Amino acid sequence: AILGLEKSGKSAIINRLIYGTYSDDYPSQSTCFVNVTYGKSILTVIEADEETARESPYFQDILREIDGVVFVIDCQSHRYVEASFEYIFSLLDKIPQTTPILFLANKTDLKNSVGFDEILQDPAFQVIMEDINRSVSIYPISAKTGENFYTAFDWIISRITGRTPLREEIKPKRVIILQEGGVPVFDYTFDAKISKHDSTLLGGLISALDIMAATIFESESIMDVV
């Protein structure tokens with residue numbers, strides 16, 4: 001589910017998910033269901049306006065069953081940030097603690113927008129982050145330019161599906177693995193243009209890391225921990 005204040009950027013975010021480009025030309029309606037292909041996953045994305053999310057028993061039943069929630073924080077002014085958090089808290093107790101929540105600090109590219117550091121230090125957000133039973137993350141994004149967009153959605157899709165989507169192209173220059181105590185056990189420098197051999201090596205390395213970390217952390221989705 002994608003939630004946020006009116007004109008916070010929900011429609012632009014859905015359009016970027018569907019088409020990979022920016023557009024705010026999206027029909028305004030109380031509730032919208034749309035299927036989105038993301039990597040190897042097909043997601044049903046539900047967008048709801050504020051009145052529906054707050055007042056509709058039907059939608060609140062949906063909130064209890066969905067796999068993930070995306071809250072869009074409108075960062076264009078302090079007034080909108082405060083209103084965004086007030087909206088979030090009105091729904092928080094209706095979202096199960098096992099449901100991952102992604103916060104998108106949108107419009108951070110605007111000239112007089114509220115800084116991301118201020119969002120992180122906001123007392124309301126601190127209360128949410130102190131709940132150790134919830135899986136929560138926040139990213140500064142721009143639905144217009146696409147900055148951090150896929151990085152943010154990779155996080156929540158990995159939580160929902162149990163695998164890393166890797167929508168964005170990865171260009172590593174060097175991979176170093178250190179044992180406890182700082183002793184290097186793997187050190188490889190990749191060419192500026194990754195060759196077929198390098199790509200195969202990297203794939204094998206990531207698979208090995210995933211298996212190793214799954215054993216250590218006893219989790220099915222832990223590449224962010226690595």
Side-chain angles (χ1 to χ4, degrees), residues 1-4 8-23 26 31-48 53 59 62-73 84 88 91-92 94-108 116 119 125 128-129 131 133-172 199 202-203 205-207 209-214 217-226:
I2 296 184
L3 305 172
S8 60
K10 300 190 303 294
S11 298
I13 286 168
I14 290 177
N15 277 335
R16 187 169 282 280
L17 278 174
I18 297 173
Y19 305 112
T21 57
Y22 170 73
S23 172
Y26 200 79
T31 308
C32 170
F33 291 77
V34 61
N35 287 332
V36 175
T37 300
Y38 192 100
K40 295 181 179 179
S41 303
I42 298 178
L43 312 169
T44 298
V45 177
I46 307 166
E47 178 195 358
F59 185 78
I62 290 177
L63 276 181
R64 295 185 181 95
E65 300 295 332
I66 57 177
D67 297 316
V69 173
V70 176
F71 267 116
V72 184
I73 302 172
S84 295
I88 289 164
L91 293 180
L92 205 55
K94 299 175 177 65
I95 302 170
Q97 287 192 321
T98 54
T99 304
I101 302 176
L102 170 65
F103 293 99
L104 300 180
N106 191 30
K107 303 183 183 179
T108 54
F116 186 58
I119 301 291
F125 186 68
I128 296 171
M129 291 301 292
D131 185 349
N133 295 314
R134 285 193 183 275
S135 181
V136 175
S137 191
I138 183 171
Y139 289 84
I141 71 148
S142 169
K144 188 171 185 178
T145 66
E147 180 183 6
N148 286 334
F149 185 85
Y150 291 117
T151 302
F153 272 93
D154 276 355
W155 180 85
I156 194 163
I157 303 304
S158 68
R159 288 297 182 282
I160 292 172
T161 63
R163 59 176 180 265
T164 305
L166 296 177
R167 270 293 301 263
E168 290 192 308
E169 186 178 0
I170 296 177
K171 296 181 179 179
S199 180
L202 179 62
L205 170 64
I206 290 178
S207 295
L209 282 173
D210 207 13
I211 294 169
M212 178 188 74
F217 297 106
E218 299 180 349
S219 171
E220 294 180 355
S221 178
I222 36 58
M223 284 304 293
D224 59 319
V225 175
V226 174

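On a predicted model such as this, the values are computed, not experimentally measured, just so you know. The basis for the numbers below is simple: all heavy atoms, side chains too, and nothing from hydrogens, waters or symmetry mates.
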Taking Arg134 for its side chain and Thr98 for its backbone only, find out whether a donor-acceptor pair lies under 3.5 Å. no

One pair to check against side chain to side chain contact (heavy atoms under 4.5 Å, CB included): Val72 and Leu3. What are the steps and the verdict? CA-CA 6 Å; Val72 184; Leu3 305 172; over 6 Å; no

Would a line drawn from the ring center of Phe103 to the ring center of Phe125 be shorter than 6.0 Å? yes

Measure the NZ-OG1 distance between Lys144 and Thr21 for me, rounded to the nearest 0.5 Å. 13.5 Å

Quick one: does any side-chain atom of Arg16 pair with a main-chain N or O of Ala143 as donor and acceptor, under 3.5 Å? yes

CA sep, side-chain torsions, deciding dist, call: Ile156, Val70, side chain to side chain contact (heavy atoms under 4.5 Å, CB included): CA-CA 8 Å; Ile156 194 163; Val70 176; 4.1 Å; yes

Going by the rule salt bridge (Lys or Arg N to Asp or Glu O under 4.0 Å), which residues pair with Lys107 if we only count those two or more places apart in sequence or in a different chain? Asp74

One should read off an interatomic distance between Leu92 CG and Asp131 CG, to the nearest 0.5 angstrom, of 7.5 Å

If you round to the nearest 0.5 Å, how far is CD1 of Ile160 from OG of Ser135? 10.5 Å

In Phe149, Trp155, Tyr150, the residue satisfying ring pair (Phe, Tyr, Trp, His ring centres under 6.0 Å) with Phe153 is Phe149

If you compare all heavy atoms of Ala1 against all heavy atoms of Ile66, which two are closest, and at what distance to 0.1 Å? CB-CD1, 3.4 Å

Using modelled atom types only, decide if a donor and an acceptor are shared between the side chain of Asn148 and the backbone of Pro140 within a distance under 3.5 Å. yes

Rounded to the nearest 0.5 Å, what separates atom OH in Tyr38 from atom CG in Leu43? 9.0 Å

Dump the intermediate steps for side chain to side chain contact (heavy atoms under 4.5 Å, CB included) on Val34 and Ile14, then the final yes or no. CA-CA 9 Å; Val34 61; Ile14 290 177; 4.1 Å; yes

Pair Val69, Leu91 - check side chain to side chain contact (heavy atoms under 4.5 Å, CB included), show working. CA-CA 11 Å; Val69 173; Leu91 293 180; over 6 Å; no

For the student: nearest non-hydrogen atoms of Phe59 and Ala53, plus distance: CD2-CA, 3.6 Å

May I ask you to decide if Gly4's main-chain N or O and Lys10's side chain share a donor-acceptor pair within less than 3.5 Å? yes

How long is the straight-line distance from CG of Leu104 back to CD1 of Ile2, given to the nearest 0.5 Å? 8.0 Å

Please report the closest heavy-atom contact between Gly9 and Asn106, naming both atoms and the distance. CA-ND2, 3.7 Å

Looking at Ile157, is its backbone amide N or carbonyl O close enough to the side chain of Thr161 to form a donor-acceptor pair, meaning the two atoms are under 3.5 Å apart? yes

Taking all non-hydrogen atoms of both residues, which atom of Thr44 and which atom of Asn35 are closest, and how far apart? OG1-OD1, 2.9 Å

